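Here is the structure we will look at.
Note that this is a predicted model, so its numbers are computed, not measured. If you read the sequence from its start, that first residue is 1, and numbering goes on from there.
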Amino acid sequence: TFQSTTCKPPALSSLSFLEEDLELGAWLGKLEAAATFVQAVWRGYFFRKLFNRAVLHKAAVVIQSNVRGYRGRIWFDEYYIWAMAVRIQCMFRCHAARERYEA
């Protein structure tokens, strides 16, 4: 709050602690370019990280589905062999019972 009209607020160009011959426009331009560069680097890192996570997740899903399918086929094969063994035993018992009955 300045009460007098003759008193001016301190100018932004009086950043003498940085440089004697400081051009504020050039300095702000460099600052903006540096901020844009940092944002671009961060954005690239962040989206690469997201993409890699998505790729790894997709790979994990594919591996899991293949393992589940393999285990299902193994289980079905074991069950099928067991069921056929039971069927053969049943047919043999029926055959043996018929022979005993006929004899």
Side-chain angles (χ1 to χ4, degrees):
T1 60
F2 298 98
Q3 297 167 5
S4 172
T5 57
T6 58
C7 184
K8 295 181 182 176
L12 287 176
S13 61
S14 65
L15 298 173
S16 60
F17 62 90
L18 292 176
E19 228 178 276
E20 281 297 319
D21 299 328
L22 179 67
E23 294 179 17
L24 187 59
W27 184 75
L28 287 176
K30 289 179 185 178
L31 186 65
E32 186 176 343
T36 304
F37 176 75
V38 169
Q39 288 172 352
V41 168
W42 168 252
R43 208 174 292 123
Y45 163 77
F46 182 73
F47 284 112
R48 275 192 302 276
K49 187 175 175 181
L50 265 169
F51 179 75
N52 288 338
R53 280 187 184 173
V55 167
L56 289 176
H57 178 71
K58 178 67 177 171
V61 168
V62 168
I63 291 169
Q64 288 170 356
S65 66
N66 286 336
V67 168
R68 286 186 186 122
Y70 171 74
R71 290 175 73 189
R73 286 189 298 276
I74 294 298
W75 179 85
F76 179 77
D77 290 346
E78 289 175 358
Y79 175 77
Y80 185 77
I81 290 171
W82 176 81
M84 291 301 108
V86 169
R87 190 169 181 189
I88 291 169
Q89 290 170 358
C90 179
M91 292 171 79
F92 179 77
R93 288 185 187 123
C94 289
H95 172 70
R98 276 194 301 272
E99 280 193 356
R100 261 183 286 160
Y101 179 72
E102 291 173 359

Side chains of residues 48-56: which donor-acceptor partners sit under 3.5 Å, not counting sequence neighbours?
{"from": "R48", "atom 1": "NH1", "to": "G44", "atom 2": "O", "distance (Å)": "3.4"}
{"from": "N52", "atom 1": "ND2", "to": "R48", "atom 2": "O", "distance (Å)": "3.3"}

Who clusters with I88? Use side-chain heavy atoms, under 4.5 angstrom, across I, L, V, M, F, W and Y, and order the result by chain and number.
none
Do other residues, nucleotides or ligands put more than 12 heavy atoms under 6.0 Å from the CE atom of M84?
yes
Tell me whether V61 is reachable from I63 by hopping between hydrophobic residues (I, L, V, M, F, W, Y) whose side-chain heavy atoms are closer than 4.5 Å.
no
Side-chain hydrophobic cluster, 4.5 Å single linkage: members besides Y70
I74
So, taking the atom named CZ in R73 and the one named CZ in R68, what distance separates them when rounded to the nearest 0.5 Å?
13.5 Å
Any chance you could measure W75, atom CH2, to Y80, atom OH, to the nearest 0.5 Å?
14.0 Å
Consider only side-chain heavy atoms of I, L, V, M, F, W and Y, link residues closer than 4.5 Å, and tell whether V86 and Y79 are in one cluster.
yes
